[in-house]
*Asks:* 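Could you have a look at this structure, given as structure tokens, before my questions?
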Amino acid sequence: MMIFQRLSKYAALLTLAGILAISWLFLKGKIEPAPMKIGMLILTGGWFAAAAVWMRGKN
Amino acid sequence: MVDSDPKPGVISFAMATRPEEFERRPVPAAAQLGFKHFIGQYAGEHTAGTELMIGPLFVASGVGAFDVLAGLFVGNLLAVLSWLFLTAPIATRSRLTLYYQLERITGRKLAILYNLANGIMFCFLAGAMITVAATALGVWFKFPMPGLSDLYPNSFGWVLGVLGIGALIAVVAAFGYKTVAWIANIAAPWMVLVFLALGLIGLRQFLVSTGADIHSVGDLWNLAKTKIWTGGAPIAGQVKFTFGHVMFFAWFCNMAMHIGMSDLSVFRYAKKSWYAIASGAGMFLGHFLAWLGASILYAHQLYLNPADMNVLPGPMAFRAVGVAGLLLVIIACWTTANPTIYRAGLAFQAVIPKASTFKVTLAAGGLATIAGLFPAIAMKLLDFVAIYGMILMPMGAVIFMDFWVFPKLGLKPWFAEASGRSFNWAAGSAWILTIAACVSLVKFGGMQIFFVSLPGWFVAALLYAGLSQIYQKAVGS
């Protein structure tokens with residue numbers, strides 16, 4: 001269980017880094033609006049799923 | 001009275017999750033919290049859905065690039081310093097809630113009156129959040145949405161959308177508040193980053209639309225001052241914003257919390273008073289980055305179509321980041337409107353102690369929903385926030401004087417408690433006369449609402465000290 005929660009913590013932090021990275025890549029013109037929007041939605045779902053497990057472990 | 005006795009009163013977001021704790025006695029050392037707790041709390045609490053209104057309203061007010069950047073920097077810094085030097089030192093010395101502190105100074109009846117004013121303002125604020133959330137629903141259901149100058153609901157779909165969101169928020173606040181608080185904690189870091197993403201994405205949209213290239217900070221600054229915050233005339237119906245407007249707005253938009261002392265309830269848990277610098281997380285992430293990000297999106301909308309002046313956070317966020325943007329608007333509004341309605345409910349419960357928390361919270365939610373139907377509050381949010389601070393600020397001055405200055409003047413602090421009075425007329429008169437003075441300055445003195453609270457604080461402080469000299473002598477004799 002502990003390992004699962006630790007993994008969820010890293011996964012959650014990774015999704016946040018992903019949101020920053022995807023915005024930066026968009027700013028640099030490396031990705032188009034449509035994939036950026038889909039990526040944002042996937043990362044949003046990923047954050048809530050991973051953070052929920054992480055926070056539950058903390059509580 | 002034991003700690004577990006529920007006691008209605010003005011509470012903070014943190015306290016709303018555990019309203020039964022230490023309502024009428026100082027927070028003991030064992031319950032005090034570390035620095036990190038306050039960083040998370042402030043970053044989350046000040047990244048609300050209404051940030052998506054405020055940033056665009058700056059642009060609608062014709063603000064220039066230097067004015068908005070420097071004004072926000074200085075204003076937010078002053079807000080942090082207000083928490084640091086006004087609120088936290090009293091909070092960590094007395095370790096009492098605002099409500100209990102006020103009750104001891106002003107008496108129970110005046111504290112209840114203050115709570116009523118606070119509760120009504122909370123309802124209007126939550127109403128603005130419901131309005132903003134409904135603009136996200138409008139993207140999904142495609143109903144006509146209000147414009148910048150609309151005061152009344154403009155379509156049946158809008159009314160249904162607001163009623164739906166408002167009812168949901170009110171029922172959840174009344175039933176399952178703790179779940180929302182938990183979701184709010186989870187959502188906070190994500191919200192901060194998506195707000196930042198909005199700014200970066202808006203910047204890219206500008207680069208594409210204008211065909212500009214950025215190779216240096218100078219290029220970026222040039223784009224900012226010629227295309228984003230151009231500093232021209234404001235849109236009809238808006239006040240022209242300068243450096244002073246932005247600075248005072250950023251400083252005073254949370255006036256009720258710092259200078260008004262509402263966050264005594266938060267910082268009574270801080271081990272050290274310097275933990276108040278954690279408020280910087282809320283100010284510089286929420287009230288700096290998020291406002292700037294949202295204002296870039298609105299400036300781009302105006303750049304593409306100068307006739308499209310509507311400030312609609314839902315469509316704006318959707319255009320920038322798609323469905324994730326709509327989720328941001330709804331979650332940011334929902335997680336902030338919920339504790340606001342819950343606080344309003346508790347404030348009203350102080351007025352009607354026999355009513356159940358469930359019923360008063362529902363009633364507060366109903367009032368907020370009715371307020372949310374009228375887009376005037378959200379569209380005039382800059383003015384509303386300034387009025388909100390002005391109304392609650394005098395009691396902050398009363399607490400400050402009572403705590404620091406009264407012992408030096410030979411006056412009795414906590415006079416209502418000491419004299420057994422339920423209504424301290426000196427405090428009550430200082431409150432009402434200060435508001436009257438501020439309104440007169442605006443009406444007849446030509447001073448704008450954004451600036452009036454600064455002289456107002458000194459008026460309140462002097463009035464309270466002067467009137468207390470007379471009142472305490474009269475009661476004593």
*Asks:* To the nearest 0.5 Å, what is the distance between CE on B/Met191 and OG1 on A/Thr44?
*Replies:*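 Result: 12.0 Å between the selected atoms.
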*Asks:* With rounding to the nearest 0.5 angstrom, report the CG to CH2 distance, A/Leu16 to B/Trp190.
*Replies:*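 The CH2 atom of B/Trp190 is 11.0 Å from CG of A/Leu16, to the nearest 0.5 Å.
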*Asks:* Would you give the length of the straight line joining atom CD1 of A/Ile19 to atom CG of B/Leu196, rounded to the nearest 0.5 angstrom?
*Replies:* 10.0 Å
*Asks:* Quick one: do B/Ile201 and A/Met40 satisfy side chain to side chain contact (heavy atoms under 4.5 Å, CB included)? Show the steps, please.
*Replies:* CA-CA 12 Å; B/Ile201 288 161; A/Met40 280 287 186; 4.0 Å; yes
*Asks:* Quick one, A/Ile38 with B/Val323, criterion side chain to side chain contact (heavy atoms under 4.5 Å, CB included). Give me CA distance, side-chain angles, the key distance, then yes/no.
*Replies:* CA-CA 8 Å; A/Ile38 293 169; B/Val323 178; over 6 Å; no
*Asks:* More than 12 heavy atoms of other residues, nucleotides or ligands under 6.0 Å from CH2 of A/Trp24: is that the case?
*Replies:* no
*Asks:* At what distance, to the nearest 0.5 angstrom, does CG of A/Leu25 lie from CZ of B/Arg204?
*Replies:* 11.0 Å
*Asks:* Could you state the interatomic distance from CG (B/Leu200) to CZ (A/Phe26), rounded to the nearest 0.5 Å?
*Replies:*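 Taking CG in B/Leu200 and CZ in A/Phe26, the distance rounds to 10.5 Å.
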*Asks:* Using non-hydrogen atoms only, which part of B/Phe318 is less than 4.5 Å away from chain A: side chain, backbone, both, or neither?
*Replies:*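 Answer is backbone: N, CA, C or O of B/Phe318 sit under 4.5 Å from chain A.
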*Asks:* Do you know which of B/Leu193, B/Leu198, B/Leu207, B/Ile214 has the most heavy-atom pairs with chain A at a distance under 4.5 angstrom?
*Replies:*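 When all of B/Leu193, B/Leu198, B/Leu207, B/Ile214 are compared, B/Leu193 has the most.
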*Asks:* Within the supplied structure, the quantity of interest is the number of heavy atoms (other residues, nucleotides, ligands) at a distance under 6.0 Å from B/Phe143 CZ; does it exceed 12?
*Replies:*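 Yes - once you tally the heavy atoms of other residues, nucleotides and ligands closer than 6.0 Å, there are more than 12.
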*Asks:* Just wondering, do B/Leu327 and A/Leu41 contact through their side chains at under 4.5 Å, heavy atoms?
*Replies:*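 Touching, per the 4.5 Å side-chain cut-off.
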*Asks:* Is it the backbone or the side chain of B/Leu326 that comes under 4.5 Å from a heavy atom of chain A, or both, or neither?
*Replies:*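 Answer is neither: B/Leu326 stays 4.5 Å or more from chain A.
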*Asks:* On a heavy-atom basis, which atom in A/Met36 and which in B/Val321 lie closest, and how many Å separate them?
*Replies:* SD-CG1, 4.2 Å
*Asks:* Under a 4.5 Å heavy-atom cut-off, does chain A meet the side chain of B/Ala187, its backbone, both or neither?
*Replies:*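 It is both, since atoms from each part get that close.
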*Asks:* Counting only heavy atoms from other residues, nucleotides and ligands, does the tally under 6.0 Å from CZ of B/Phe35 exceed 12?
*Replies:*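 Above 12, so yes.
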*Asks:* Sub-3.5 Å donor-acceptor pair from the side chain of A/Trp47 to the main-chain atoms of B/Ile186, do we have one?
*Replies:* yes
*Asks:* If you compare all heavy atoms of B/Arg319 against all heavy atoms of A/Lys37, which two are closest, and at what distance to 0.1 Å?
*Replies:*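 Distance-wise, the nearest heavy atoms are O-NZ, 3.2 Å.
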